[in-house]
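Take a look at the structure below.
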Amino acid sequence: MSATGPGRPVGAGLGDLLMGARMAVTGGRAGWTRTLLTALGVGVGVAMLLLAAAVPGAIDSRGERTAARSEPFAGAALPAGPDTLLVLHADSQFRQRMVRGWLVRPEGPDAPVPPGLTALPGPGEAVVSPALRAVLDSPDGPLLAARLGGARVVGVIGADGLSGPDELAWYAGRADLTEEWAGRLDRFGGGGPGEELGPTLNLLVVVVFVVLLLPVVVFLGAAVRFGGDQRDRRLAAIRLLGADHGMVRRIAAGEATAAALLGLVVGGGLFLAGRQLAWFVSFADYSVYPADLRPAVPLVALVVLAVPALAIAVALLALRRVTVEPLGVTRRGRPARRRLWWRLLLPVVGLGLLQPATGAQRTPTADWRIAAGAVLLLAGTVTVLPWLVDLVVRPLRGGPPGWQLAVRRLQLDSATSARLVSGVAVAVAGTIGLQMLIAGVQDDFRRPSGQDLTRAQAMVNLPGVADPRAALDRLAAVEGVTGSAATLSTAAAPAGDTNPNAVVTIRIGDCAALAEYAEVDRCTDGDVFLARSGGPEAGVEPGGRLRLDEDWTIPAATRIVPARTDPAGGRAQSALLLTPTAAAGLPEHHLNATALLTFDPADRDAVERVRATVATIDPPIGQVLEFRAVQEDPGFTKVRTGLTAGAVITLLLLGISLLVGVLEQLRDRRPLLAALVAVGTPRRVLGWSVLAQTGVPVLVGLVLAAGVGTATGAVLLVMVGAPVVVTWPVVGLGTSLGAAVVLLVTAASLPVLWRLTRPDGLRVE
C-alpha cells in the first residue's frame with residue numbers, strides 16, 4: 001500500500017493513539033506515578049458516578065423486599081382455614097428508631113411464612129433481625145426485650161425479609177391471638193403502590209442528583225489534566241523527532257484514553273470495595289445491603305463511554321491554548337487575559353431554562369429542563385472562577401516570601417489551582433442552593449403537632465384491657481414517670497338518636513385528670529361535667545339518656561363547662577366527664593384506659609420503660625404516643641436525609657480527589673522545590689506558599705460559590721412559589737465546610753512536601 005493510500009491515515013492514526021497509550025504506562029517511575037495519580041483521581045470520580053447510578057436500584061430493591069412481606073389482609077371475607085395466618089402489628093420505637101414487630105398464630109399447617117423465615121415461630125418463640133439481635137445482646141437489651149412479650153429468640157430473619165441490614169424487626173408466636181385483635185391472611189406480598197413524593201419533592205430529588213453529581217464531573221475534567229506540564233514536554237520532544245500537530249493531538253488523546261481506562265478499572269474496584277461499607281452505614285433508619293448497590297447496565301455503559309470521551313475532549317481542549325514546538329511549549333509564558341463575556345453565557349442560559357419551570361407549568365418533561373438549567377447555572381462557578389482568581393491575584397505585590405512565591409505562581413498559572421478547587425466550589429454552591437430550598441419549603445412539610453409538651457410528654461392508649469385500673473397503676477409506677485393523668489373512657493350515643501355521628505365521649509377520672517380535658521373551675525369527687533366545644537347536641541344534656549349496655553341517664557346536677565384542648569392536641573365536640581363516685585352506676589364493659597404521662601427530664605429511658613410495660617399488658621395492642629412539637633412529612637425527611645448523606649460523601653470523596661491533585665502538583669514541581677531548599681529557603685516558607693497557593697483560589701471560589709448558591713436557591717424558591725429568603729446560617733455552614741475540606745487537604749500534603757524537598761529531588765532526567 002502506498003504512503004498516500006486510503007488505509008495509511010487510519011493506520012497512522014491508530015499508531016499514534018497506541019503510542020500515546022504506551023507513553024502513559026512507560027517512562028519509568030515518574031511516568032507510572034503520573035499515570036497512577038491520574039487514574040486514582042479519575043477512579044474516585046468514577047466510583048462516585050457508579051454509586052449514584054446504583055442508588056435507584058438500591059431503592060427499588062428495598063421497596064421490593066418491603067412489598068414482599070406486606071400483609072394483604074382480607075378481613076371478614078377470608079374464613080379461617082389450613083392455609084391462613086393471624087397477624088397483629090406490634091410496631092414501636094426504641095431510642096428514636098422504628099422497631100417493626102409482628103405477632104403471629106397459624107390457623108393450619110399450610111399457613112404462609114413471611115419472607116426471611118424458614119418456619120413460623122411457635123408460641124413463646126421469636127425470630128429477630130440481626131440488628132435487633134445485636135441490640136438485645138447489648139447493655140440496652142433488657143429495655144427492648146420486653147417488646148417481644150417474653151418470647152425466646154430462636155432464629156434470625158434473613159436478608160430477603162428485611163428492608164435493610166440495620167432494620168430492627170421481629171416475629172413472635174402467640175397462642176392466644178384472636179381475630180378480634182388480629183388480621184387474617186393467606187399469603188404475604190402484594191403491597192400497594194409506592195409513595196408519591198409530589199411536585200416539590202420531585203424537584204428536590206432532581207436537583208439533589210444534579211448538585212451531587214456535577215462536582216464529580218468537574219473534578220473528572222481536572223483529574224485527566226494531571227501531569228499536563230510533563231505531557232507537554234514529552235510532546236515537544238516528539239515534535240523534535242518530526243511529528244506534526246495532528247500526530248501530537250492523537251498521541252495526547254491516546255495518553256488521556258489510557259489513563260481514563262485505567263481510572264475506570266480503579267473506579268470499579270473502589271466501588272466494589274466501598275459498597276461493602278453499606279453494612280455499617282445507616283441514615284435515619286434507612287440502610288441497604290451491598291448487593292442492592294447494583295448500577296443499571298445502561299448507566300454503567302454510559303459511564304464507561306463518557307469518561308474516556310471526557311478525557312479526550314479535555315486533553316484536546318487543553319492543547320488548544322498551547323503551541324507545542326520542537327524546543328518547548330509557549331504555555332510557560334505569561335497567559336493572556338481571560339475574557340468574561342462567554343463565561344457568563346452558561347449561567348445566563350441556565351437561568352433562562354429555569355425561569356419558566358414554575359409549579360403550575362411543569363410537565364413530565366420539565367424535569368430535564370430543570371436538571372439542565374441547574375447544571376448550567378452551577379457550571380457558571382467553573383467558568384467564572386479562573387477569571388475571578390486571575391482578577392484577584394493580578395494586582396497583588398509584596399509580602400512575606402511564602403506569599404510572594406504563591407502569588408507569583410498564581411499569576412503565571414492560576415487555572416491549574418482554580419481547576420482543583422472548582423469541584424468543591426460547585427459542591428458548596430449546590431449545597432447552599434438546596435439547603436435554601438429546603439429551608440424555604442419546609443413549612444409545607446412540617447406543621448405544629450398541637451401537642452403540649454409542658455403538660456405531658458406522652459399518651460398511652462390501652463383499648464380492651466381486662467383490668468384497666470390495674471394497667472394504669474402499672475404505668476404510673478414505671479421508673480422515670482413523675483405524673484400520670486389517668487382516665488377510663490368509652491363512647492355512647494344519645495338514646496333514640498339514629499344519627500351514627502351523634503356520639504359523646506364518656507371519660508372517668510379524678511379531678512386533676514378531668515381538668516386536662518375541660519376548664520373545670522371547682523371539682524370534688526362525685527361531680528359530673530359536660531364539656532362542650534360547640535353548640536348543644538340533641539339528647540346530650542343534663543337529664544338526657546345515653547345508650548350503653550342499657551340506657552343510662554346523665555345526672556341532672558351535671559355542670560356544663562367549656563372543653564379544653566388536651567395535651568395530645570385533641571378536643572372532643574361533646575364529652576361527659578365523671579369523677580369516680582359519680583361513675584359508680586356506669587357499666588364498665590369495654591372501657592379504654594388512657595394515661596397522659598410526664599417524665600423526669602434527666603431520665604431518657606423513661607419512655608422506653610413505658611413502652612416495655614405496655615408490651616406486657618393484654619391485649620398487646622396498646623399504643624404509646626410520644627409527643628413532638630413538630631410533625632414532618634416522611635417523604636420530605638427521606639429527601640433531606642438523602643441530601644445530607646450525599647453531601648457528606650461527596651465532600652469526603654472530593655477531599656480525597658483534591659489531595660491527589662495537590663500531591664500531583666507538588667510532584668510536578670519537585671525539582672524547583674528542592675532547588676529552593678538547596679539555596680536556603682526554609683521549609684516553612686514553602687509550606688506557607690502551598691497553603692496560600694491553595695487558599696487564595698479557595699477563598700475566591702467560596703465567595704463565588706456563596707453568590708451562585710444563593711442565586712440558585714432564590715430561583716428554586718421562586719419555582720415552587722415560596723418566598724425568597726436568604727438563610728445566612730446555611731450559607732455560612734456551606735462555605736465553612738468547603739474551607740475545612742481544603743485546609744485539611746493542604747495540611748495532609750505537607751509531609752509529602754517535606755519529602756520532596758530533600759536533596760535527591762534535584763535529580764532531573
Problem set entry | Donor-acceptor contact present, side-chain Arg187 to main-chain Glu71, <3.5 Å | no
Problem set entry | Any Arg105 side-chain heavy atom under 4.5 Å of Leu85 side chain | no
For this session: In sequence, state the C-alpha distance, the side-chain angles, and the governing distance for Val460 and Leu597, and then conclude on side-chain contact (heavy atoms from CB on, under 4.5 Å).
Result: CA-CA 8 Å; Val460 179; Leu597 303 179; 3.8 Å; yes
Exercise. What's the spacing between Arg152 CZ and Leu148 CG if we round to 0.5 Å?
Worked result: 12.5 Å
Exercise. For Glu180, does the CD atom sit with more than 12 other heavy atoms under 6.0 Å from it, leaving out its own atoms?
Worked result: no
Exercise. Are side-chain N/O atoms of Thr454 and Asp452 paired as donor and acceptor at under 3.5 Å?
Worked result: yes
For this session: Please report the shortest heavy-atom distance between Pro112 and Phe188, naming the atom on each side.
Result: O-CE1, 3.7 Å
Problem set entry | Side-chain touch Val153/Leu136, heavy atoms, less than 4.5 angstrom | yes
For this session: Under the side-chain contact (heavy atoms from CB on, under 4.5 Å) rule, what do Gln631 and Gln451 come out as? Steps first, then yes or no, please.
Result: CA-CA 10 Å; Gln631 293 179 342; Gln451 297 166 350; 4.1 Å; yes
Problem set entry | Other residues, nucleotides, ligands: >12 heavy atoms within 6.0 Å of Arg95 CZ | yes
Problem set entry | Minimum heavy-atom distance between Arg65 and Asp160, given as atom pair plus value | CD-CA, 3.9 Å
For this session: Search all heavy atoms of Leu120 against all heavy atoms of Pro114 and return the closest pair with its distance.
Result: CD2-CD, 3.5 Å
For this session: Would you check if there is a donor-acceptor pair between the side chains of Ser92 and Arg611 at a distance under 3.5 Å?
Result: no
Exercise. Are the side chains of Leu103 and Trp170 in touch, meaning some heavy atoms are under 4.5 Å apart?
Worked result: yes
Exercise. Under 3.5 Å, is there a donor-acceptor pair between the side chain of Arg507 and the main chain of Leu514?
Worked result: no
Exercise. Looking at side-chain heavy atoms only, is the closest gap between Pro130 and Leu162 below 4.5 Å?
Worked result: yes
For this session: Say whether, by atom type as modelled, one donor and one acceptor occur between the side chain of Asp166 and the main chain of Ser287 under 3.5 angstrom.
Result: no
Exercise. Are a donor atom and an acceptor atom from the side chains of Asp600 and Thr482 found within less than 3.5 Å of each other?
Worked result: no
Exercise. Trp102 vs Tyr171 aromatic rings, parallel, tilted or perpendicular, using cut-offs 30° and 60°?
Worked result: parallel
Problem set entry | Value rounded to 0.5 Å, distance of CG in Leu168 from CG in Asp91 | 11.5 Å
Exercise. Quick one: do Arg469 and Asp473 make a salt bridge, cutoff under 4.0 Å?
Worked result: no
Problem set entry | Heavy-atom closest pair, residues Ser574 and Leu530 | OG-CD1, 3.9 Å
Problem set entry | Donor-acceptor pair, side chain of Asp510 and main chain of Ala513, under 3.5 angstrom | yes
Problem set entry | Distance in Å, Asp527 CG paired with Thr558 OG1, rounded so as to fall on 0.5 Å steps | 9.5 Å
For this session: Test salt bridge (Lys or Arg N to Asp or Glu O under 4.0 Å) on Arg532 and Glu519 and set out the steps.
Result: CA-CA 10 Å; Arg532 287 177 176 168; Glu519 297 180 10; over 6 Å; no
Exercise. Given Ser61 and Tyr289, is the side-chain contact (heavy atoms from CB on, under 4.5 Å) satisfied, shown in steps?
Worked result: CA-CA 9 Å; Ser61 298; Tyr289 290 99; over 6 Å; no
Exercise. Any side-chain donor paired with an acceptor under 3.5 Å for Glu107 and Thr84?
Worked result: yes
Exercise. Can a donor-acceptor pair be found between the side chains of Thr616 and Arg474 at a distance below 3.5 Å?
Worked result: yes
For this session: For residues Ile157 and Ala169, report the shortest heavy-atom separation together with the two atoms involved.
Result: CD1-O, 3.9 Å
For this session: Kindly say whether Gly122 contributes a backbone atom to a donor-acceptor pair with the side chain of Glu125 at under 3.5 angstrom?
Result: yes
For this session: Measure from the side-chain N and O atoms of Gln457 to the backbone N and O of Phe599, and report whether any donor-acceptor pair falls under 3.5 Å.
Result: yes
Problem set entry | Note, Leu299 side chain near Leu50 side chain (heavy atom, < 4.5 Å) | no
Exercise. Going through the distances and angles, do Arg174 and Asp176 end up as a salt bridge (Lys or Arg N to Asp or Glu O under 4.0 Å)?
Worked result: CA-CA 6 Å; Arg174 182 145 182 154; Asp176 59 349; 2.7 Å; yes
Problem set entry | Donor-acceptor contact present, side-chain Thr490 to main-chain Ile506, <3.5 Å | no
Problem set entry | Short side-chain to backbone donor-acceptor contact, Thr579 and Gly526, under 3.5 Å | yes
Problem set entry | Flag side-chain contact, heavy atom, 4.5 Å: Val528 against Leu576 | yes
Problem set entry | Donor-acceptor pair, side chain of Arg275 and main chain of Leu293, under 3.5 angstrom | yes
Seminar exercise, completed: Heavy atoms of Pro567 and Glu516 approach each other most closely as CG-OE1, 3.5 Å
For this session: Mind checking the CG-OG1 spacing from Asp566 to Thr594? Nearest 0.5 Å is all I need.
Result: 9.5 Å
Exercise. Checking side chain to side chain contact (heavy atoms under 4.5 Å, CB included) against Pro468, which of Asn592, Ile617, Leu488 comes through?
Worked result: Leu488
Exercise. Could you give the distance from CD (Glu179) to CG (Leu86), rounded to the nearest 0.5 Å?
Worked result: 7.0 Å
Exercise. Does some side-chain heavy atom of Leu144 sit less than 4.5 Å from a side-chain heavy atom of Leu132?
Worked result: yes
Exercise. Would you say the side chains of Arg571 and Thr565 form a donor-acceptor pair under 3.5 Å?
Worked result: yes
Problem set entry | Sub-4.5 Å side-chain heavy-atom contact between Val156 and Arg133 | yes
For this session: Evaluate the side-chain contact (heavy atoms from CB on, under 4.5 Å) criterion for residues Ile621 and Leu462: first the C-alpha distance (whole Å), next the side-chain angles of each, then the deciding distance (0.1 Å), finally the verdict.
Result: CA-CA 7 Å; Ile621 54 178; Leu462 301 172; over 6 Å; no
Exercise. Counting only heavy atoms not in Glu626, do more than 12 fall under 6.0 Å of its CD?
Worked result: yes
Seminar exercise, completed: dist Ile59:CD1 -> Asp292:CG (nearest 0.5 Å) comes out at 10.5 Å
